[in-house]
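Single-structure report; data block below.
None of the values given here were measured: they were computed from a predicted structure. Proteins come first, then strands; the chains are lettered A, B, ... in the order of their sequence lines, and each starts at number 1.
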Amino acid sequence: MINYKKYIQEKLFNILNVENISVENPPKENMGDFSVPCFNLRNEELKTPFEVSSYIKDNFVDDKGYFKEITVMGCYINFFLNYNSFDTLVINEIINNSSYGSFNQGNNEKLLLEHTSINPNASPHIGRIRNSLIGDFLGNLFSFVGYVVERHYFINDIGKQISYLLLAYEKYGNSKTTFKDMLELYIKINAESKVDSSIEEKAFYYLNELEHGNKEVREKFKHLTDICVEGQTSILNSIDIHFDIFTHESDFVFDDSTKNILDMLNKKNVLKEDDEGRKYADLSGYDIPTKSPVLVLTRKDNTSLYPLRDIAYTLYKLKRNSNNNYIVLGEDQETYMKQIAAVIDILELKAPVLISYSFVLLNGDKMATRDGKIVLLEDFLEIVKTKLKEEFNTRNILVNEENLSILANACIKYTMYNVSINKCVNFNYKDAISFTGESGIYILYSIVRINSILKSNKYDEGVSLKYINNIEHKIIKELYMFPYIIDSLLTTHEASSLTSYLYKLATLFSSYYENVPISSETDEVLKASRICLLISIKKVLTSALAVLGIKTVDKM
RNA sequence: GUGUCCAUAGCUCAACUGGAUAGAGCACUUGACUACGGAUCAAGAGGCUGGGGGUUCAAAUCCUCUUGGGCACACCA
């Protein structure tokens, strides 16, 4: 595929001897397909931007004939594509290239990505799920552009809260206790601990035994966390989110990892001990926005604190992959990750790249478990499915469970992805369940309409293509942009750019669908060309949706 | 208090990371259903981009002050 911006840049270099001149996409149709602002290109001979743009126009040699027109508009110079050749080129490329959209940026390199890692005592809810979705999106994206992605999940099976849960499980649970029951047990034991101090003592007793290698206690913890993780992952699987590697936090306590880290930090002269006997890493010299630049690593009884175990886990991940290593965490972890990164730097390694996101608000408020201001993922999915069923009933259409799931997933994913990563998602049922206008359903509906036409119209290979409508040029131009959109995501990590792109392409198609006949077109060349266009639109829509982890349906 | 992120139409969000007249959806108003599937399309109305100052040919975007919110700030994970 031709990179027109680069082509223009090379020609401009020949004319002005300036490299990488900014080539933009003009905001309006009458401004052409590519444009170059000439304000910054003034020099001693060309004193005004207008002189520059005129000079470029007079000296630009379009030897390949890509442009049908080059115009000067004020201080901009605008390039108009020669659509006759452009349209055919793009459509042929899309039809023939099985990985259209990818420039193979990953080149089969391995990439490690950690996301979600929910505490075992918690259930995936709309807030937490933002982590999983961003993680899944990144995994799909990296994989799409040719990385070999490994998705990691860290099971925090050793904290105080899991010890509480174990106590509750032993007191009230039985062999039939499920993951969902666990949440109630956890709330119950927390309430009890407020009036009964022996619970906290027992919890610490268990933790201590665990950390000192008591095999029986270890088994208990393992059994409990297995139930929880199984429950969590099956909910996540229901929205098509999967992991390759699960790692237990406790593993790093049972082997020598944490001890080794303390030794290494000691050798670097950053391991200090406070009055009470707690060990901490001295991070002075690093830009850590805390009151004092330290990271506490152990309790006074020498048992490990979470950061120490987390460092051990991070080293484990870096050992598997030191180059492409990513972690998705909420914005509340930013300072903490700076501390971890500092320690990793002291150990002369490169910390994982942090992708952080802002929280999800519920009707403008922060989600709070204790006030019941929380939307569990499974509950939300049920609500959407019920609403969808009603919609199908009014149309007298039978729908299967699988398609219901796909549509419900599309709903929630589109809603969550449509907001920039560092802005809060303001979640409300009304908008999330909306099936009209900008929504996941709208995109899937577009594909259903395409399918409907393709079913009764076959595509003949090798036909010559001809596009005569302005909207066809616009659609093809949009299709051409797809690989560049994908490429930009690698640096911005913004799923919202992709939802915008999908929506724009789908609206263009809808307008096309309403205004240009396809099946009923009598000119065979035009008809075949339009069928090819539909195939191309479908292919790009489907690829983009796949990056967002959204599947498509044949009918709805 | 210090650091950091955010504030754009009544509501929910965009704006190619400094470019041309700030764009969409919902809601509201009007038009198109004997339909290539109306979960749609065509159109209307809606803005001092929280406020002040600055840098620039050019600011929603950068700097500064200010107002209102989120998050973090040693022994939780």
Side-chain angles (χ1 to χ4, degrees), chain A residues 22 24-28 31 35 37-40 42 48-49 73-76 78 119 156 158-162 249 274 276-280 287-300 305-307 309-310 330-336 338-339 356 358-359 361 364 366 388 391-392 394-395 397 407 415 418-420 422-428 430-432 434-439 441-442 444-446 448-457 481 484-485 488 491-492 494 496-497 499-500 503-504 507 510-521 530 534 555-556:
Chain A
S22 160
E24 300 174 354
N25 305 315
K28 293 277 185 307
M31 300 169 180
S35 70
C38 299
F39 305 99
N40 295 329
R42 286 167 291 179
T48 68
M73 253 179 113
C75 303
Y76 288 85
N78 297 330
N119 284 341
N156 307 113
I158 203 175
K160 192 169 154 187
Q161 82 280 64
I162 195 76
E249 189 179 339
D274 71 4
E276 310 250 347
R278 288 173 279 242
K279 293 194 173 69
Y280 65 89
D287 180 27
I288 311 287
T290 57
K291 278 172 190 159
S292 46
V294 300
L295 182 61
V296 181
L297 300 172
T298 70
R299 296 191 181 89
K300 58 188 170 191
L305 286 165
Y306 177 73
R309 298 175 318 248
D310 195 20
E331 60 178 338
D332 54 335
Q333 307 281 323
E334 273 170 17
T335 303
Y336 169 71
K338 275 191 179 169
Q339 295 175 303
S356 84
S358 290
F359 287 128
L361 306 177
K366 208 194 157 187
L388 280 166
E391 191 72 34
F392 279 111
T394 64
R395 287 153 211 272
I397 296 173
L407 292 169
T415 303
N418 206 19
V419 180
S420 295
N422 58 351
K423 286 201 190 179
C424 289
V425 173
N426 244 313
F427 188 88
N428 68 71
K430 192 176 136 284
D431 290 349
S434 165
F435 300 155
T436 60
E438 184 169 7
S439 67
I441 300 291
Y442 176 87
L444 294 189
Y445 180 65
S446 305
V448 166
R449 286 172 135 189
I450 293 174
N451 284 340
S452 180
I453 297 176
L454 293 182
K455 206 158 47 177
S456 49
N457 295 279
M481 295 305 292
Y484 299 98
I485 299 283
S488 75
T491 49
T492 65
E494 279 285 8
S496 65
S497 310
T499 54
S500 305
Y503 183 66
K504 192 170 176 196
T507 48
S510 293
S511 177
Y512 184 52
Y513 177 91
E514 299 276 345
N515 294 306
V516 178
I518 298 164
S519 286
S520 57
E521 175 59 54
R530 289 171 191 171
L534 292 195
K555 56 175 189 172
M556 58 190 272

Evaluate A/I453 against A/R530 for side-chain contact (heavy atoms from CB on, under 4.5 Å), listing each step before the verdict.
CA-CA 11 Å; A/I453 297 176; A/R530 289 171 191 171; over 6 Å; no

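When both pairing distances are held under 3.5 Å, B/A42 makes a Watson-Crick or G-U pair with B/U30. In this entry B/C48 has no Watson-Crick or G-U wobble partner, no candidate having both defining distances under 3.5 Å. Figure legend. B/G18 is base-paired to no nucleotide; pairs are counted as Watson-Crick or G-U wobble with both atom distances under 3.5 Å. The partner of B/A58, taking Watson-Crick or G-U wobble pairs whose two distances both stay under 3.5 Å, does not exist in any strand shown. B/A24 and B/U12 make up a base pair, with Watson-Crick or G-U wobble contacts both under 3.5 Å. In this entry B/U4 has B/G70 as its Watson-Crick or G-U wobble partner, both defining distances falling under 3.5 Å.
Across all strands, A/N25 comes closer than 4.0 Å to base atoms (heavy-atom distances). Residue contacts shown for A/D310 are absent, as no nucleic acid heavy atom lies under 4.0 Å away. A/S22 comes within contact range of no nucleotide atom at all, as no heavy-atom separation falls under 4.0 Å. Contacts of A/M481 with the nucleic acid, taken as non-hydrogen atoms under 4.0 Å apart, are absent. A/I518 comes within contact range of at least one nucleobase, with a heavy-atom separation under 4.0 Å. Residue A/P49 is out of contact with every strand shown, counting any heavy-atom pair closer than 4.0 Å. When heavy atoms are screened at a 4.0 angstrom cut-off, A/N78 is found touching base atoms of the nucleic acid. Residue contacts for A/T290: at a heavy-atom cut-off of 4.0 Å it reaches the sugar-phosphate backbone alone, with no base atom in range.
For the pair A/Y442 and A/S292, both in contact range of RNA chain B, the more 5′-proximal nearest nucleotide belongs to A/Y442. RNA chain B is contacted by both A/V294 and A/Q339; A/V294 maps to the nucleotide lying nearer its 5′ end (nearest heavy atom per residue).
The interatomic distance linking A/L295 (CG) with B/A72 (P) rounds to 16 Å, in whole Å. Taking atom CZ on A/F435 and atom P on B/A27, their separation rounds to 14 Å, with Å as the unit.
Between the side chain of A/S434 and the backbone N or O of A/T436 there is at least one donor-acceptor pair closer than 3.5 Å. Proximity of a side-chain donor or acceptor of A/S452 to a complementary backbone N or O of A/V448 within less than 3.5 Å is not detected.
Stacking of the aromatic ring of A/Y503 onto the base of B/A24 is not found under the criterion of centres within 5.5 Å and planes under 30°. With centres under 5.5 Å and a plane angle under 30°, the ring of A/F39 is stacked against the base of B/G19.
Under the 4.5 Å side-chain criterion, counting only non-hydrogen atoms from C-beta, A/I162 is not in contact with A/N156. Using a 4.5 Å heavy-atom cutoff, the side chains of A/Y445 and A/S510 are not in contact.
A syn orientation is assigned to B/U17, its glycosidic angle lying within 90° of 0.
Under the 3.5 Å distance criterion, with hydrogens and angles disregarded, no donor-acceptor pair is assigned to the side chains of A/Y503 and A/N418.
Closest contact between the side chain of A/K160 and the listed nucleotides B/G70, B/G19, B/A77 involves B/A77.
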